[in-house]
Amino acid sequence: MTTTVEHVHPALAPITLGGLALRNRYAVAPMSRVSARPDGTPTGEMADYYAEFARGGFGLVFSEGTYPDSAASQGYINQPGLARDEHVAGWRVVTAGVRAAGGRMIAQLMHAGAIAQGNPHQDHTVAPSAVQPRGEMMRAYGGSGPWAVPRELTTAEIDDVIDGFAAAAVRARQAGFDGVEVHAANGYLLDQFLTDYTNRRTDSYGGPVANRIRLTSRVVTAVAEAVPELVTGVRLSQTKVNDFTYRWPGGRDDAEVIFAAVAEAGADYLHIASEGRNWLETARLADGGTLTALARQVTGLPVIANGGMHDLTQAHEVLTGGHADLLSLGHGALANPDLPARVAAAEPLAEFDRAMVSPTVTVANARRWRESRQA
């Protein structure tokens, strides 16, 4: 990977995100670690995990996908939640540690929908339509075999989903988070509504892309209205955890509708995910432009780019070429929890080792990996 640039890297410059002052443009991407207690309460080990990134210089830290209600939203066993008072108390320790180290933290709220593979609250999954998800459950997150055929949500249940996001946003404020990100990417419930082949509805939530983005827009509005003092963002993607090749069928036209809708709904920023792929691979449009640059042009809002942003040359081009305003890092952050400090000191970056997230993605597994390297 590229580890040096000729001058001070633009990612080290401060920025304001929806009124939230950040010391640089580096963010830790949301990464599911399935390391909470069985009831969804964050642990002390999780607090140490998140605080380490802030101590390493990251200006912004996203929580992993966090389930908002005690119904059908939970996706994984030992996934953290923001559905109960106990969850708030656990997250308060996490956010305090991040803030004490100079960072800021945003809670990502996620409803798994049809690709839930571990939910003690329900014995079934829900989705826009009764369409079996592609692929199989992810072993690293405790699943195996094909996903079940989900039950189609009623319009009343959709309203309950929206209320669940808003209530969880209030809990996020109580837990000390600086913002809330609505997870509408990577194949989870809101993205299932946006995706043409998983959404076969004939009501106002199905059909043209303007209808398929409606649920995400309503959730963004509900969150922004519930916690107006916090930053509200939305994460979008074309690719999914169970479909790396999907692209929005209308290309640029669909993207413009999607971006305009979430901006009008009240989003303060857009976070464009690449789901394990390089940014350029998933962001490039047929006309040579990029989704991230288009999002900036359509909305005028800050945009966070994701996918290979540990490559300093690519990151430099993304920021100086008008493609995005901030960078979120997954594997690069896991391998280098002090990456911003290393970049500032022109120190080399460590390579990501897949053993850090294999056979499981837990924080404990990563700790064992480090201990084995130090032995």
Side-chain angles (χ1 to χ4, degrees), residues 10-11 13-31 58-66 95 98 103-110 165-166 168-169 172-173 177-186 190-191 194 213 216-238 255-275 279 282-283 290-307 309 315 318-319 321-330 333:
I15 190 172
T16 299
L17 181 69
L20 183 63
L22 304 174
R23 59 187 173 188
N24 57 46
R25 294 162 190 255
Y26 278 122
V28 178
M31 294 177 281
F58 280 92
L60 179 62
V61 179
F62 285 100
S63 82
E64 58 206 279
T66 302
T95 60
V98 170
R104 296 293 178 262
M105 192 165 187
I106 289 178
Q108 188 191 71
L109 299 181
M110 168 193 136
F165 272 92
R173 179 186 62 200
F177 284 98
D178 299 290
V180 173
E181 179 170 279
V182 174
H183 196 355
N186 305 127
L190 302 189
D191 188 41
L194 180 55
I213 193 62
T216 297
S217 296
R218 288 193 63 195
V219 170
V220 169
T221 297
V223 167
E225 292 179 348
V227 288
E229 66 275 40
L230 299 189
V231 174
T232 297
V234 59
R235 196 178 208 217
L236 299 160
S237 73
Q238 298 191 97
E256 290 180 348
V257 172
I258 293 164
F259 297 153
V262 296
E264 184 178 356
D268 292 312
Y269 71 85
L270 280 68
H271 187 176
I272 311 300
S274 62
E275 185 46 52
W279 159 77
T282 58
T290 64
L291 275 179
T292 50
L294 181 62
R296 295 178 82 235
Q297 295 163 10
V298 169
T299 68
L301 296 172
V303 170
I304 304 174
N306 169 256
M309 294 305 157
V318 167
L319 292 175
H323 298 283
D325 304 276
L326 296 94
L327 315 169
S328 72
L329 289 78

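Values reported hereafter were calculated over all heavy atoms of this structure, with side chains retained and with hydrogens, waters and symmetry mates removed. When a residue number appears, it is its place in the shown sequence, counting from 1.
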Shortest non-hydrogen contact between [X] and [Y], atoms and distance:
| X | Y | answer |
| --- | --- | --- |
| Ala107 | Ala172 | CB-CB, 4.1 Å |
| Ser63 | Phe177 | CB-CE2, 4.2 Å |
| Ala263 | Thr299 | CB-CG2, 3.7 Å |
| Asn306 | Ala29 | ND2-CB, 4.0 Å |
| Gln108 | Gly65 | OE1-CA, 3.3 Å |
| Pro302 | Leu17 | CB-CD1, 3.7 Å |

Within the side chain of [X], is there an N or O that forms a donor-acceptor pair under 3.5 Å with the backbone of [Y]?
| X | Y | value |
| --- | --- | --- |
| Asp268 | Thr232 | yes |
| Arg296 | Gly322 | yes |
| Arg235 | Leu270 | no |
| Asp178 | Met105 | yes |
| Gln238 | Thr282 | yes |

Rounded at 0.5 Å granularity, tell me how far [atom1] in [X] sits from [atom2] in [Y].
| X | Y | atom1 | atom2 | result |
| --- | --- | --- | --- | --- |
| Glu256 | Gln297 | CD | CD | 9.0 Å |
| Ile15 | Asp325 | CD1 | CG | 5.0 Å |
| Leu326 | Leu319 | CG | CG | 7.5 Å |
| Arg104 | Thr95 | CZ | OG1 | 11.0 Å |
| Glu275 | Asn186 | CD | CG | 4.5 Å |
| Leu327 | Arg25 | CG | CZ | 9.0 Å |

Would you check, one step at a time, whether the test side-chain contact (heavy atoms from CB on, under 4.5 Å) holds for Leu236 with Leu291?
CA-CA 10 Å; Leu236 299 160; Leu291 275 179; over 6 Å; no
Run the side-chain contact (heavy atoms from CB on, under 4.5 Å) check on Val219 and Leu190 step by step: do they pass?
CA-CA 9 Å; Val219 170; Leu190 302 189; 4.3 Å; yes
Can you tell if the side chain of [X] reaches within under 4.5 Å of the side chain of [Y], non-hydrogen atoms only?
| X | Y | value |
| --- | --- | --- |
| Val98 | Phe58 | no |
| Val318 | Thr292 | no |
| Ser328 | His271 | yes |

Which of Val303, Leu294, Leu301 passes side-chain contact (heavy atoms from CB on, under 4.5 Å) with Phe259? It is Leu294
Does Leu20 form a side-chain contact (heavy atoms from CB on, under 4.5 Å) with Tyr269? I'd like the steps, not just the answer.
CA-CA 11 Å; Leu20 183 63; Tyr269 71 85; over 6 Å; no
Take Phe165 and Val180 through the test side-chain contact (heavy atoms from CB on, under 4.5 Å) and record every step on the way to the result.
CA-CA 10 Å; Phe165 272 92; Val180 173; over 6 Å; no
